[in-house]
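Single-structure report; data block below.
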Amino acid sequence: MFDRKRKPGSRAAEALRLVSVSKVYGTGDGAVTALDGVTLSLPRGSFTAVMGPSGSGKSTLLQCAAGLDRPDRGQVVVDGEEMSGGEAALTKFRRDRIGFVFQQYNLLPTLTVEENTALPLRLAGRKADRGSIRAVLTQVGLGERLGHLPDELSGGQRQRVAIARALVTRPGVIFADEPTGALDTRSAREVLGLLKETVRLHGSTVVLVTHDPVAASYADSVLFLADGRLAGHLPAPTAEAVAERMTHLGDRAAERRADNGPLMEV
Ligand code: ADP
């Protein structure tokens, strides 16, 4: 059985487990199976990229695994605790166990770097100790920017605040959804390098959803999705190997849709 009493901070060896997770949008003829029985297990301290053609279910996987949406079937276990209960329980679950980094940073414009970083702790009713907030901001290279507002920072720096904000609660899993989508190449590399370092040095677990093979190559391994199912796994990825796999996945997904007729078109 899963340990329901596990406190954030005491860690399970398995950071994320999905068991037969399925999600269907709509009903009848218009129903779309976005996830079709996905089972996976990610150890603590791993950095995994999730890739797949457009419409393969990446966003749905992230939404279900991060507790932003509920699967129709299956089980999601984060850091040893199964996601369950009503809306309030789900919100608490997310606050305690999950960190988010989005493409658009989602920082509050009127709060300073330090206040934005402390926000998840305050929302969770946990003590926002200044020393540890500053330590996290120093870790992401923003120790000198504590009092600045988001407007006064570059895109790369804003994303580093978002990473600090995700780290500060010491979540079981950090989900990063196209975190470099709005950044120039150099800032993108810095942000990806920072995520990698976070995993190496601090044992965080990161799941990166991306369509970019270069971004995926920063991960320890890549999971491929096609038509809502896991369609392969690539350890120690290079950008070239990821791009190559993606080309073939695209071919196979198109072939399957052609076989299934126009109703399956996405
Ligand atoms: P990806 O992130 O890989 O592009 P998504 O998870 O967004 O894929 O979508 C998977 C499938 O589910 C697609 O066919 C998409 O059109 C469908 N889908 C996603 N969200 C919805 C929704 N809210 N309503 C209906 N269909 C949806």
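Sequential numbering from 1 along the given sequence is applied to the chain's residues. None of these values were measured; they are calculated from a predicted model. Every number for a ligand or one of its atoms is a count from 1 in the order of the listing.
Using a 4.0 Å cut-off between heavy atoms, Val32 contacts ligand 1 through its side chain alone, with no backbone atom that close.
Here is the list of ligand 1 atoms found below 4.0 Å of a heavy atom in Lys58: 1 (P), 2 (O), 3 (O), 4 (O), 6 (O), 8 (O).
Residues passing the salt bridge (Lys or Arg N to Asp or Glu O under 4.0 Å) test with Arg122, sequence neighbours excluded: none.
Sorted by first then second residue, the ring-ring contact (aromatic ring centres under 6.0 Å, His included) pairs that include residues 81-107, not counting sequence neighbours, are Phe100-Phe102.
Closest heavy-atom approach to atom 13 (C) of ligand 1 within the set Ala34, Gly52, Ser54, Gly55: this belongs to Gly55.
The shortest non-hydrogen separation linking Leu149 to Pro109 is CD2-O, 3.8 Å. The two residues Ile174 and Ser204 come nearest to each other via the heavy atoms CD1-CB, 4.5 Å.
Pro53 counts as a contact of ligand 1, since one of its heavy atoms falls under 4.0 Å from the ligand. Assignment of Gly57 to the shell around ligand 1 is supported, since a heavy atom sits closer than 4.0 Å.
Rounded to the nearest 0.5 angstrom, Thr60 OG1 and Asp36 CG are separated by 12.0 Å.
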